[in-house]
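In this text, all values refer to a predicted model and were calculated from it rather than measured experimentally.
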2 protein chains.
Amino acid sequence: MTTDVDLAAVARLIAEPARAAMLDALLSGEALAAGELARAGQVRPSTASGHLAQLVAGGLVEVAHSGRHRYFRLASPDVAHALEALGAISPPRPVRSLRQSRTDEAMTLARTCYDHLAGVVAVALVDAFVARSLLTAGGDGFTLTPAGAEALADAGIDIADARASRRAFARSCLDFTERRPHLAGALGAAVCAHVLAEGWFVRRAPGHRALRITDEGRRQLAKRWDITTP
Amino acid sequence: MTTDVDLAAVARLIAEPARAAMLDALLSGEALAAGELARAGQVRPSTASGHLAQLVAGGLVEVAHSGRHRYFRLASPDVAHALEALGAISPPRPVRSLRQSRTDEAMTLARTCYDHLAGVVAVALVDAFVARSLLTAGGDGFTLTPAGAEALADAGIDIADARASRRAFARSCLDFTERRPHLAGALGAAVCAHVLAEGWFVRRAPGHRALRITDEGRRQLAKRWDITTP
DNA sequence: ACGACCTTTCGGTGCCGACCGAACTTTCCC
DNA sequence: GGGAAAGTTCGGTCGGCACCGAAAGGTCGT
């Protein structure tokens with residue numbers, strides 16, 4: 001493996017405002033169609049098509065054909081991680097509207113970070129796992145204890161499936177609003193998929209990261225994990 | 001805090017090959033003068049000056065005046081982290097020369113990663129610390145045990161000073177050649193400063209990350225930590 | 001005080017790439 | 001098969017910005 005990498009080549013792809021907006025939309029973890037991404041980037045479909053071709057050629061994004069649609073998603077968790085790290089040193093954009101400041105508030109509470117949960121709730125959940133010794137903190141992430149494996153399996157999360165994947169099992173990821181780690185990796189993705197499937201949260205808008213917690217979610221979090229939410 | 005950040009603004013700064021080369025040079029952790037950075041970016045001083053002004057304005061780089069020189073360094077460990085994360089998804093540059101492939105080999109063995117150690121040796125050192133229970137792995141990093149504090153203080157590392165800094169004390173950082181975590185944060189910086197001061201390693205060239213291990217370093221690593229190096 | 005050195009400012013040139021509309025391909029639906 | 005919808009390709013336009021050289025601003029030696 002070579003140590004001399006072309007930083008500028010990747011940065012150039014992210015540097016274009018339209019492409020950056022597309023990548024931001026893809027950070028929701030969803031696969032989005034070319035047209036939706038054109039809207040996210042506020043450019044015409046023809047322009048978006050060129051951008052997407054570049055992102056695919058650069059290895060940041062993968063594409064899946066489905067009929068007359070083409071669905072794009074981030075190529076790997078590493079890409080999501082790099083985007084998050086870049087976000088941590090990016091200047092905040094001036095708040096434009098009341099609507100945006102409301103979205104901001106919502107995102108602080110709960111959002112997706114690529115394919116796992118982030119925000120106040122995600123950090124609280126990890127804390128609850130650790131406090132109950134279901135998870136222990138480790139150098140490059142977390143370790144699931146036997147008790148943890150049992151508890152999460154009981155809760156309906158497919159641990160075996162998560163272990164089978166080739167991804168890191170239980171990574172930690174720095175929450176960029178809380179500035180504390182939350183659960184990422186295959187296990188983080190499994191937990192996120194489960195709580196969405198169970199209807200604890202719903203996505204506020206397609207292609208956006210913000211999640212709305214449902215009454216059911218509020219109830220379950222309080223009952224199972226003793227987490228109260230505003 | 002706002003969640004809507006301008007990814008493109010930071011990426012634009014990194015996207016220029018000359019600026020990327022300068023940032024790469026600064027990843028050595030050293031503060032470098034404008035002229036040295038001009039050479040690193042392979043541009044005229046006048047061009048470099050403009051680039052550096054942009055990097056400072058963008059918050060990626062800080063400047064310190066010293067006589068007729070101006071020394072630049074990365075503004076924060078977060079910047080270094082973002083650059084590393086970006087490096088992990090960047091395409092390798094084609095190997096140009098035998099000389100470069102030798103540098104590559106050297107960097108795989110030992111290098112700086114901003115202000116701490118990276119490479120085979122860094123990972124081996126962390127492993128040794130953990131094996132001796134001087135360090136335990138934690139969710140967002142490591143924890144220094146009482147035995148560890150004593151052992152490292154005995155070795156001549158200023159633990160109190162590292163603890164006093166406002167930085168995270170013992171972070172973990174993914175080594176991008178080894179793909180395993182090594183020690184970062186204030187403690188990582190202290191360890192790196194110590195081994196450089198003691199002459200275990202010397203920098204191969206100013207503004208480059210590669211380190212050469214000295215005979216003294218080889219001896220000490222073998223004696224104190226039972227690490228043998230090729 | 002003078003020259004040497006490091007760095008920045010300014011004006012002018014040139015190129016890369018983002019953008020759009022129009023035309024074309026592919027797929028779906030009726 | 002016809003029409004609509006999604007996406008891509010192509011040609012032409014235009015703006016932003018990296019680049020350099022020349023000259024000026026500071027700072028250090030002697």
Visitor: So that I can tick it off, tell me whether R180(B) and D175(B) are bridged by a salt bridge, with the cut-off set at under 4.0 angstrom between side-chain N and carboxylate O.
Guide: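 So D175(B) does not pair with R180(B) through a salt bridge.
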Visitor: Return whichever of G67(A) or R19(A) has its heavy-atom-nearest nucleotide of DNA chain C closer to the 5' end.
Guide: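 It is R19(A), whose closest nucleotide lies nearer the 5' terminus.
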Visitor: Starting at CZ of R39(A) and ending at P of dA5(D), how long is that distance when rounded to a whole Å?
Guide: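 After rounding, the gap between these two atoms is 13 Å.
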Visitor: Is there a donor and acceptor pair closer than 3.5 Å between the side chain of S46(B) and the base of dG21(D)?
Guide: yes
Visitor: Between dA5(D) atom C1' and R70(A) atom CZ, what is the distance in whole Å?
Guide: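 The distance from CZ of R70(A) to C1' of dA5(D) comes to 16 Å, rounded to the nearest Å.
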Visitor: Atom CZ of F72(A) and atom P of dA6(D): how far apart are they, to the nearest Å?
Guide: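 Those two atoms, CZ and P, are 14 Å apart.
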Visitor: To the nearest angstrom, how far is M22(A) atom CE from dG7(D) atom C1'?
Guide: 13 Å
Visitor: Any chance you could lay out the salt bridge (Lys or Arg N to Asp or Glu O under 4.0 Å) test for R203(A) and E30(A), step after step, and finish with the verdict?
Guide: CA-CA 10 Å; R203(A) 202 171 285 284; E30(A) 294 178 294; 3.5 Å; yes
Visitor: So among D78(A), L26(A), L74(A), I14(A), which one has a side chain to side chain contact (heavy atoms under 4.5 Å, CB included) with L60(A)?
Guide: I14(A)
Visitor: First contact, last contact: which nucleotides of DNA chain C are these for chain A, 5' to 3', heavy-atom distance under 4.0 Å?
Guide: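 Result: dA18(C) to dC28(C).
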Visitor: Send over the distance from R68(B) CZ to dT30(D) P, rounded to a whole Å.
Guide: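 Rounded to whole Å, this separation is 11 Å.
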Visitor: In whole angstroms, how far is the C1' atom of dG16(D) from the CD atom of Q54(B)?
Guide: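 Distance check: Q54(B) CD to dG16(D) C1' gives 11 Å.
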Visitor: Can you tell me the distance, in whole Å, between the CD atom of E16(B) and the C1' atom of dG16(D)?
Guide: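 Atom-to-atom, E16(B) to dG16(D), this comes out as 13 Å.
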Visitor: Here's one to test your reading of the geometry: is the NZ or CZ of R212(A) within 45 degrees of the ring axis of F201(A) and under 6.0 Å from its centre?
Guide: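 That pair does not qualify as a cation-pi contact.
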Visitor: Tell me if the aromatic rings of Y71(B) and H69(B) count as close, with their centers under 6.0 Å from one another.
Guide: yes
Visitor: Indicate yes or no: at least one non-hydrogen side-chain atom of R73(B) is less than 4.5 angstrom from one of V63(B).
Guide: no
Visitor: Of E36(B) and A18(A), whose nearest nucleotide on DNA chain C comes first from the 5' end?
Guide: E36(B)
Visitor: Assess whether salt bridge (Lys or Arg N to Asp or Glu O under 4.0 Å) is satisfied between E216(B) and R219(B), documenting all intermediate values.
Guide: CA-CA 5 Å; E216(B) 171 66 9; R219(B) 203 157 38 230; 2.8 Å; yes
Visitor: Looking across every strand, which nucleic acid part, if any, lies under 4.0 Å from A53(B) by heavy atom: base, sugar-phosphate, or nothing?
Guide: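 Here A53(B) touches no strand at all.
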Visitor: Over all strands shown, is A38(A) touching base, sugar-phosphate only, or nothing at heavy-atom distances under 4.0 angstrom?
Guide: nothing
Visitor: With a cut-off of less than 4.0 Å, is there a side-chain N or O of H51(B) near OP1 or OP2 of dC19(D)?
Guide: yes
Visitor: NE2 of H69(A) versus C1' of dT8(D): gap in Å, rounded?
Guide: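 Interatomic distance, NE2 of H69(A) to C1' of dT8(D): 15 Å.
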